[in-house]
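As structure tokens, the structure follows; a few thoughts come after it.
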Amino acid sequence: MYMSTDEVRQAFLSFFESKGHQIVDSSSLVPVNDPTLLFTNAGMNQFKDYFLGLEKRDYSRAVTAQRCVRAGGKHNDLENVGFTARHHTFFEMLGNFSFGDYFKKDAIQYAWDFLTQVLQLPKERLLVTVYQTDDEAFDIWNKQIGVSEERIIRIGDKKGGKPYESDNFWQMGDTGPCGPCSEIFYDHGDHIWGGPPGSPEEDGDRFIEIWNIVFMQFNRQADGSMNPLPKPSVDTGMGIERISAIMQNVHSNYEIDVFQRLIKETADVIGFEDLSNQSLRVVADHIRSCAFLIVDGVIPSNEGRGYVLRRIIRRAVRHGNKLGATDSFFHKLVAPLIEVMGSAGGELKKQQAIVEKVLRAEEENFGRTLERGMTILDEALKNLDGKVLDGETVFKLYDTYGFPADLTNDVAREHGLSIDEAGFEQAMEAQRQRARESGHFGTDYNSAIKVDSSTAFCGYTDVEKNAQIISVYVDGQAVDSLREGDSAILVLDETPFYAESGGQCGDSGVIRSASGNFIVNDTQKSGDAILHYGVLTSGHLTAETDVEAVVDAGRRKAISLNHSATHLLHAALRQVLGSHVAQKGSLVKAENLRFDFSHLEAVTPEELKKVERLVNQEIRKNHIIETQLMDLEAAKAKGAMALFGEKYDSQVRVLSMGDFSTELCGGIHASHTGDIGLFRITSESGIAAGIRRIEAVTGEAALDSLEEQKDSYETKLSDISAKNKLLEKEIQQLKDKLASQAGANLTQQVKEISGVKVLVAQLNGADNKALRGMVDELKNQLGSGVIMLGNVSGDKVGLIAGVTKDLISRVKAGDLVNMVAQQVGGKGGGRPDMAQAGGSDVQALPQALSSVDEWLESRL
């Protein structure tokens, strides 16, 4: 029976839903609140806190189709991808889980029924393994399911290994939950080389593991002893690619529908015809991991998760280049990937444009150096003396051309060579140290404080509460009492303190009793317990002490205003920029708010103004901020936006602000939007390709921001005004100087009328303000005389007349200038010795000036 990959996925989810399992969406590839993992690499990752007893859920059975990446850290399959039949950077893990509900009997029965009844696999093609001493699982397979003894293989501990170090014994860590497991294998047929598990030929490809059922039944102690868990659980995993290969009657994962479509699309985009080429398989695999990592917020960089993504992209680009790609091609595979992922491609479709932009930018960036780097690498390999490329060259290729070491190793391997990994690692130590500090990967899972008890949260309604201390921790260890000056963590039976979650920072305040004062600086979660971090500033405290927990109400209010404004901002951005806007992170503090979101280009000043105005309009409407508890599906039906990658319980809080904003949120908010008062955007910037960041302030902080801006503008305006006055003075001095020089040249045009010196001249483009100085200078030079100047500036005429004092009894400057002004469409006047006028008829000026001589002759 043929089934597409999407049909296999749907059949698996539907089967276990019919068995009472809650279908749980795939979690993000970036593990939530788990510093031990680089990427989600198994279906159980999102349930880890549940298995450890740090978290409670409303269901005891779950089924998932979990997206996984193994391309960095402990689980790194990158170098094998494309060269084997079943290695991938990205894969989907189908899994069913029991949290203290059913155990071995039902888990085995469900697996067998799904494989043989739903998928209709022939029973004779299946064989199973169990842990060597797990007689219970052996008997279930043999007596309940009917698998013959010769098809049930016991797998013991590895030779020379520690106790329970076996392929059939699963452990979360050196301590903690663990237990035996039972694997189901499929026999692809005797035409393929290989033997059953446990045999010398087990590494062959005939018998392929398709399903692993883990029975968590022990809690391993530090001394190695195994204590039975009070509620044994089940964790299973089945790779969808492997089971799809069986259902499509092919042997290699790269022959299933998903990869065949992507391989063909890659070949078409590049223009390559041989569909069996391994480089096509590399590209087809890598587009899946790269696209979904970007969907989950990972952006190419030189550190942590971003560096792993960059390595995968560049490996894909190099293989495309090897096939003959000359232009950007990788981003063109996103659209066919969405189609072939079927029901699992919904979130990728929403973010298609952003994913394509990030991939294209990274490909083009690398493409500029790829050819030069490959030339140097090929030359180094050609001239290599031996079989190992030195670490210095490997590092140079990385540092100068962005060639990750595994990409260089790929090329070397194609030439039958290898690289000096130790030498490269030595050269890379500084960069690797920064990456470790950036990601903090590797924290022991069991080093976190585990609190068995829970804290009742009453902070939605209260900021003060009488409570009792449940436990006290210093340096991660439980203690009975605290002394003055001790830094510690307090756990209460009930608290109004909000623990950091969903981008909202934790509360601060004080926990006090008759015997001591404990200042709370931060509040965090650990499972169902709320941890109060702080310092005992006076007195002493002991466990089981009655205390009064008091939140810093002013800080809480400022945080709540910013949190409510964040919801309004999110809704406003979607209205102004489009529904593609999705939250990519947030930080809500008392001082301000920060909101990261998906958008392909910088938000323009006009768009920011619209967003800010829209948010303030909703604030002024003074909507009641309502919260309702409802089940998750009902909330989604109501239109509540859920943040992709967040974990939600079946019962969720739905926060509504009129019809403008409806989101799922467990944070603290104002009671009305009007409480926010004022919203101001303080900055907008890009933090990665396709990801923008807005920072903003509300309430008093917004008013303070306005005052600061006003003061800054006033200071700048005052400085500009003073500078302008100085410049104007300097300019006028220069104009006066130029006018003086021009006046000196005019003296050559002086003539005599009736024995009196007369100067009549037309100027063009002179500064009218400088004309008075020019006339005064000319009067000084003439000693005695009459001056009449006309100046054309644009479409205006400026006139000025000057008469030395010894002649004003015979000629008045005002009369002279008025006579000329009337001829050019104006009028004017002034003192007998100096007069000015203006006019609008530029064409009439020459004739008007020529009439001055006759007018003066009649008066002199």
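None of these values were measured; they are calculated from a predicted model.
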- Message: Less than 6.0 angstrom separating the ring centers of His88 and Tyr254, yes or no?
- Response: yes
- Query: When you check the side-chain N and O atoms of Arg220 and Gln171, is any donor under 3.5 Å from an acceptor?
  - Reply: yes
- Message: With a 4.0 Å cut-off on N to O distance, would you call Lys104 and Glu136 a salt bridge?
- Response: yes
- Item | Evaluation steps, side-chain contact (heavy atoms from CB on, under 4.5 Å), between His319 and Arg315 | CA-CA 6 Å; His319 278 275; Arg315 188 169 188 263; 4.0 Å; yes
- Heavy-atom neighbours of Glu124 CD exceed 12 at 6.0 Å: yes
- Query: Is the backbone of Gln221 close enough, under 3.5 Å, to the side chain of Ser225 for a donor and an acceptor to pair up by distance?
  - Reply: no
- So Phe169 and Tyr164, would you call those rings parallel, tilted or perpendicular, with 30° and 60° as cut-offs? tilted
- Message: Is the ring pair Phe16/Tyr110 parallel, tilted or perpendicular, if the boundaries are 30 and 60 degrees?
- Response: perpendicular
- Item | Spacing of Trp211 atom CH2 and Cys181 atom SG [to the nearest 0.5 Å] | 14.5 Å
- Item | Worked verdict on Val282 versus Arg318 for side-chain contact (heavy atoms from CB on, under 4.5 Å) | CA-CA 10 Å; Val282 172; Arg318 207 282 296 185; over 6 Å; no
- Message: Between Arg206 and Asp187 (salt bridge meaning N to carboxylate O under 4.0 Å), is one present in this structure?
- Response: yes
- Can any side-chain N or O of Asn45 pair as donor or acceptor with the backbone N or O of Ala42 at less than 3.5 Å? yes
- Query: Measuring from Ile313:CD1 to Leu359:CG, what's the distance to the nearest 0.5 Å?
  - Reply: 5.0 Å
- Does any donor atom in the side chain of Gln10 or Ser343 lie under 3.5 Å from an acceptor atom in the other side chain? yes
- Query: Would you call Lys162 and Asp157 a salt bridge, taking side-chain N to carboxylate O under 4.0 Å as the test?
  - Reply: no
- Hey, does Leu389 have a side-chain heavy atom less than 4.5 Å from the side chain of Asp420? no
- Message: Measuring only between side-chain heavy atoms, which start at C-beta, is Leu229 closer than 4.5 Å to Phe218?
- Response: no
- Task: Report yes if the side chains of Arg281 and Ile263 come closer than 4.5 Å at any heavy-atom pair, otherwise no.
- Result: yes
- Donor on one side chain, acceptor on other, Asn168 and Ser166, under 3.5 Å: no
- Between the main-chain N or O of Val130 and the side-chain N or O of Gln132, is there a donor-acceptor pair closer than 3.5 Å? no
- Message: Does Arg288 qualify as a cation-pi partner of Phe90, given the criterion of NZ or CZ under 6.0 Å from the six-membered ring centre and within 45 degrees of its axis?
- Response: no
- Message: Can you list everything that forms a salt bridge (charged side-chain N to carboxylate O under 4.0 Å, His left out) with Asp257? Sequence neighbours excluded, please.
- Response: none
- Can Tyr102 and Asn96 be counted as having a side-chain donor-acceptor contact under 3.5 angstrom? yes
- Item | Side chain to side chain, Leu293 and Val69, heavy atoms closer than 4.5 Å | yes
- Query: Under a 4.5 Å cut-off applied to non-hydrogen side-chain atoms, are Lys19 and Gln109 in contact?
  - Reply: no
- Under 3.5 Å side-chain donor-acceptor pair for Gln66 and Thr64: no
Identify all side-chain donor-acceptor contacts of residues 192-202 below 3.5 Å with residues at least two apart in sequence or on another chain.
{"from": "Ser199", "atom 1": "OG", "to": "Pro196", "atom 2": "O", "distance (Å)": "2.6"}
{"from": "Ser199", "atom 1": "OG", "to": "Glu201", "atom 2": "N", "distance (Å)": "3.4"}
{"from": "Glu202", "atom 1": "OE1", "to": "Gly198", "atom 2": "N", "distance (Å)": "2.7"}

- Message: Among residues at least two apart in sequence or on other chains, which ones pass side-chain contact (heavy atoms from CB on, under 4.5 Å) with Asn249?
- Response: none
- Message: Checking the side chain of Ser233 only, and the main-chain atoms of Gly100 only, is there a donor and an acceptor separated by less than 3.5 Å?
- Response: yes
- Message: Check whether Arg261 reaches the backbone of Ile256 with its side chain - one donor and one acceptor, N or O, closer than 3.5 Å.
- Response: no
- Message: side-chain contact (heavy atoms from CB on, under 4.5 Å) for Thr40 and Ser28? Distances and angles first, verdict last.
- Response: CA-CA 7 Å; Thr40 297; Ser28 169; 5.8 Å; no
- For Tyr186, ring-ring contact (aromatic ring centres under 6.0 Å, His included) partners two or more places apart: His188
- Message: Just by distance, no angles: are the side chains of Asp6 and Ser4 close enough, under 3.5 Å, to form a donor-acceptor pair?
- Response: no
- Message: Under the rule for salt bridge (charged side-chain N to carboxylate O under 4.0 Å, His left out), what residues qualify as partners of Arg154, not counting sequence neighbours?
- Response: Asp135
- Query: Which is it for Phe97 and Phe47 under the ring pair (Phe, Tyr, Trp, His ring centres under 6.0 Å) test, yes or no, and what are the steps along the way?
  - Reply: CA-CA 9 Å; Phe97 306 88; Phe47 302 114; 4.7 Å; yes
- Task: Mark yes or no for whether Thr129, through its side chain, and Glu183, through its backbone, hold a donor-acceptor pair below 3.5 Å.
- Result: yes
- Message: On a heavy-atom basis, which atom in Arg57 and which in Gln46 lie closest, and how many Å separate them?
- Response: NH2-O, 3.0 Å
- Query: With Ser60, which residues qualify under side-chain contact (heavy atoms from CB on, under 4.5 Å), at least two apart?
  - Reply: Asp101
- Identify the heavy atoms of Trp141 and Ser182 that sit nearest to each other, and give their distance. NE1-OG, 2.8 Å
- Query: Can you tell if the side chain of Phe114 reaches within under 4.5 Å of the side chain of Leu119, non-hydrogen atoms only?
  - Reply: yes
- Beyond-backbone contact of Phe185 with Ile208, side-chain heavy atoms, under 4.5 angstrom: no
- Kindly indicate whether the side chain of Phe424, heavy atoms from C-beta on, has any atom under 4.5 Å from the side chain of Ile419. no
- Message: side-chain contact (heavy atoms from CB on, under 4.5 Å) for Cys290 and Phe330? Distances and angles first, verdict last.
- Response: CA-CA 10 Å; Cys290 294; Phe330 199 42; 3.9 Å; yes
- Message: To the nearest 0.5 Å, what is the distance between CD on Gln144 and CD1 on Ile140?
- Response: 6.0 Å
